[in-house]
Amino acid sequence: MPLGKAKAPKAPKEPKEKKPKKPKKEKPPKKGKEQPPQEVELDESGQPIEPPKKKFPILFLIISVVVIAAAAVILFVFILPKKDGEPDPSASVSVEPEPPVLPTEIPIGDDVSIKGMALGGDESGAVAEKSKRITYIYSSLNDAGKAAETYVGQLAQESPAFAVVDEEFVRQTEKPDYTTDEGMVLLARNVPQPKPEATQAPEVSDSPIESPDPEASAEPTPTPEPTPEPEPTPEPVSYVHTVRITWSPGVCVVTVDEEEGKVTAPQSPGGPVQVVGIWEAQEILEGMSPEELGLPGSSMDEYEIIPMDGTQRVDGNPCVCLYVYSSNNTPHTNEYMGSYLMSLDGQHLYRLDPVTNEVTELDFTLE
């Protein structure tokens with residue numbers, strides 16, 4: 001058989017590059033087995049260098065705090081109030097305003113006080129402060145003019161009562177206009193005069209009067225010298241308590257003082273108008289109490305009042321004169337207790353002391 005062509009020898013195969021093997025993961029050491037020592041870097045002195053600690057990100061911390069705070073707000077505002085049976089704290093409860101705590105008394109003169117301004121619940125924000133003088137400033141008022149008008153009404157109920165007067169202490173018949181934004185009103189009252197000290201009446205001897213001896217020598221009886229008239233006692237200085245109220249928006253200034261003067265009634269152009277006669281004056285005195293007239297006893301039935309004709313002037317006021325006698329004594333005789341003078345306009349009443357002849361104006365108002 002014919003032999004074929006001889007085959008050419010094959011080229012030898014190049015060896016394939018082997019892929020590098022992946023490093024094996026180190027398995028965590030099993031319990032009970034010791035870990036291999038780790039390499040530790042040393043510094044120049046031979047001390048081990050601690051690895052740097054990982055820092056906690058600040059931005060993440062801030063975001064966490066904000067989220068927690070927002071969750072707390074939502075929890076307390078929206079979730080907790082919605083529970084059944086619990087009140088809603090956002091619901092407002094209507095409470096009536098309480099009147100402010102202000103001074104209850106304002107001093108005038110020596111050991112004398114009057115009522116302080118009283119305000120209602122609508123003036124709950126008002127405050128009062130004392131200045132260097134006897135002055136109180138009421139501020140934060142809703143209506144200062146109305147507060148002044150109310151205070152004038154309160155002082156009119158005092159005892160003795162205050163009256164609206166002018167700068168000369170003359171009573172005014174027209175009321176001030178309290179609706180204006182700014183204004184002023186002056187009130188005054190007479191200060192009661194001190195009562196004179198009571199003097200003891202001379203003692204009356206109970207021994208019988210001996211009849212004269214007819215055989216006694218008749219000697220001429222000396223003529224008694226006339227008793228000198230007592231010197232007129234100077235009229236005491238009179239004083240008035242004043243209260244001046246000035247108001248402006250939101251503020252009332254109350255100034256009290258004690259001044260020399262006297263509250264008087266207004267005079268008509270034609271002179272004083274007579275409203276009291278002698279018999280009217282007698283009825284007025286009979287309707288008063290002994291205490292009001294400075295007399296002892298409990299009833300005017302113990303006294304006899306005798307009006308006198310004519311008039312007398314006291315402080316320029318024409319007055320009706322009335323004598324008062326008392327029979328409430330042991331001998332039951334009419335004892336002179338003093339004179340009373342009532343002005344014709346019914347605004348003044350004076351008492352003439354029977355011992356000192358001192359004239360004193362009494363606290364009197366004709367109703």
Side-chain angles (χ1 to χ4, degrees), residues 105-117 131-136 148-149 151-176 183-196 232-247 252-269 271-276 292-294 311-320 340-353 356-367:
E105 289 187 347
I106 299 177
I108 301 180
D110 298 332
D111 301 328
V112 180
S113 299
I114 63 171
K115 294 180 180 178
M117 181 183 287
S131 66
K132 294 180 180 179
R133 297 183 59 191
I134 306 179
T135 302
Y136 277 91
E149 182 180 11
Y151 191 34
V152 171
Q154 292 173 354
L155 295 181
Q157 304 298 323
E158 285 277 281
S159 180
F162 283 85
V164 179
V165 298
D166 60 11
E167 298 296 336
E168 301 297 328
F169 306 139
V170 179
R171 294 188 182 97
Q172 300 296 294
T173 55
E174 297 183 0
K175 294 183 178 180
M184 190 277 296
V185 59
L186 178 63
L187 298 100
R189 70 179 180 186
N190 291 321
V191 177
Q193 296 291 339
K195 296 181 180 180
T233 305
E235 185 178 355
V237 180
S238 58
Y239 293 90
V240 293
H241 291 156
T242 61
V243 180
R244 189 182 299 272
I245 308 172
T246 305
W247 71 87
C252 254
V253 181
V254 178
T255 304
V256 298
D257 202 354
E258 186 176 73
E259 306 178 35
E260 183 177 345
K262 181 178 293 185
V263 178
T264 59
Q267 300 290 338
S268 61
V273 179
Q274 181 175 354
V275 296
V276 175
E292 293 175 318
L293 297 174
T311 59
Q312 299 183 21
R313 285 189 174 271
V314 180
D315 297 337
N317 301 317
C319 302
V320 176
Y340 293 84
L341 300 103
M342 184 177 297
S343 60
L344 297 180
D345 59 5
Q347 300 295 325
H348 304 277
L349 178 61
Y350 306 91
R351 181 176 186 267
L352 178 63
D353 190 272
T356 63
N357 289 330
E358 181 180 1
V359 178
T360 305
E361 184 173 2
L362 303 179
D363 182 22
F364 170 75
T365 303
L366 181 61
E367 298 180 356

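Keep in mind that the numbers below use all heavy atoms, side chains included, and drop hydrogens, waters and symmetry copies.
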To the nearest 0.5 angstrom, please state how far the [atom1] atom of [X] sits from the [atom2] atom of [Y].
{"X": "I106", "Y": "Y136", "atom1": "CD1", "atom2": "OH", "result": "6.5 Å"}
{"X": "Q312", "Y": "L341", "atom1": "CD", "atom2": "CG", "result": "5.5 Å"}
{"X": "L187", "Y": "Q172", "atom1": "CG", "atom2": "CD", "result": "11.0 Å"}
{"X": "M342", "Y": "Q347", "atom1": "CE", "atom2": "CD", "result": "11.0 Å"}

| request: Could you go through the side-chain contact (heavy atoms from CB on, under 4.5 Å) check for V185 and W247 one step at a time? | output: CA-CA 9 Å; V185 59; W247 71 87; 4.3 Å; yes

| request: Show the numbers, then the answer: is there a side-chain contact (heavy atoms from CB on, under 4.5 Å) between T255 and T246? | output: CA-CA 9 Å; T255 304; T246 305; over 6 Å; no

Search all heavy atoms of [X] against all heavy atoms of [Y] and return the closest pair with its distance.
{"X": "P107", "Y": "V256", "answer": "O-CG2, 3.4 Å"}
{"X": "G116", "Y": "Q154", "answer": "O-OE1, 3.8 Å"}
{"X": "E259", "Y": "F169", "answer": "OE1-CZ, 3.7 Å"}

Are any non-hydrogen side-chain atoms of [X] and [Y] less than 4.5 angstrom apart?
{"X": "V254", "Y": "M117", "answer": "yes"}
{"X": "I134", "Y": "D257", "answer": "no"}
{"X": "R189", "Y": "I114", "answer": "yes"}
{"X": "V314", "Y": "H348", "answer": "no"}
{"X": "T264", "Y": "N317", "answer": "no"}
{"X": "V170", "Y": "V165", "answer": "no"}

| query | More than 12 non-hydrogen atoms from neighbouring residues, nucleotides or ligands closer than 6.0 Å to CD on E105, yes or no? | reply |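 Buried by this count: over 12 neighbours within 6.0 Å.
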
| request: Quick one: do T360 and D353 satisfy side-chain contact (heavy atoms from CB on, under 4.5 Å)? Show the steps, please. | output: CA-CA 8 Å; T360 305; D353 190 272; over 6 Å; no

Does [X] use its side chain to pair, donor to acceptor, with the backbone of [Y] at less than 3.5 Å?
{"X": "D166", "Y": "E168", "answer": "yes"}
{"X": "Y151", "Y": "I245", "answer": "no"}
{"X": "N190", "Y": "V263", "answer": "yes"}
{"X": "S343", "Y": "C319", "answer": "no"}

| Test: R351 and E292 ion pair at under 4.0 Å |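 Between E292 and R351 there is no salt bridge, as every charged N stays at least 4.0 Å from the carboxylate O atoms.
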
| request: Run the numbers on Q157 and K115 for side-chain contact (heavy atoms from CB on, under 4.5 Å), then give the verdict. | output: CA-CA 10 Å; Q157 304 298 323; K115 294 180 180 178; 5.7 Å; no

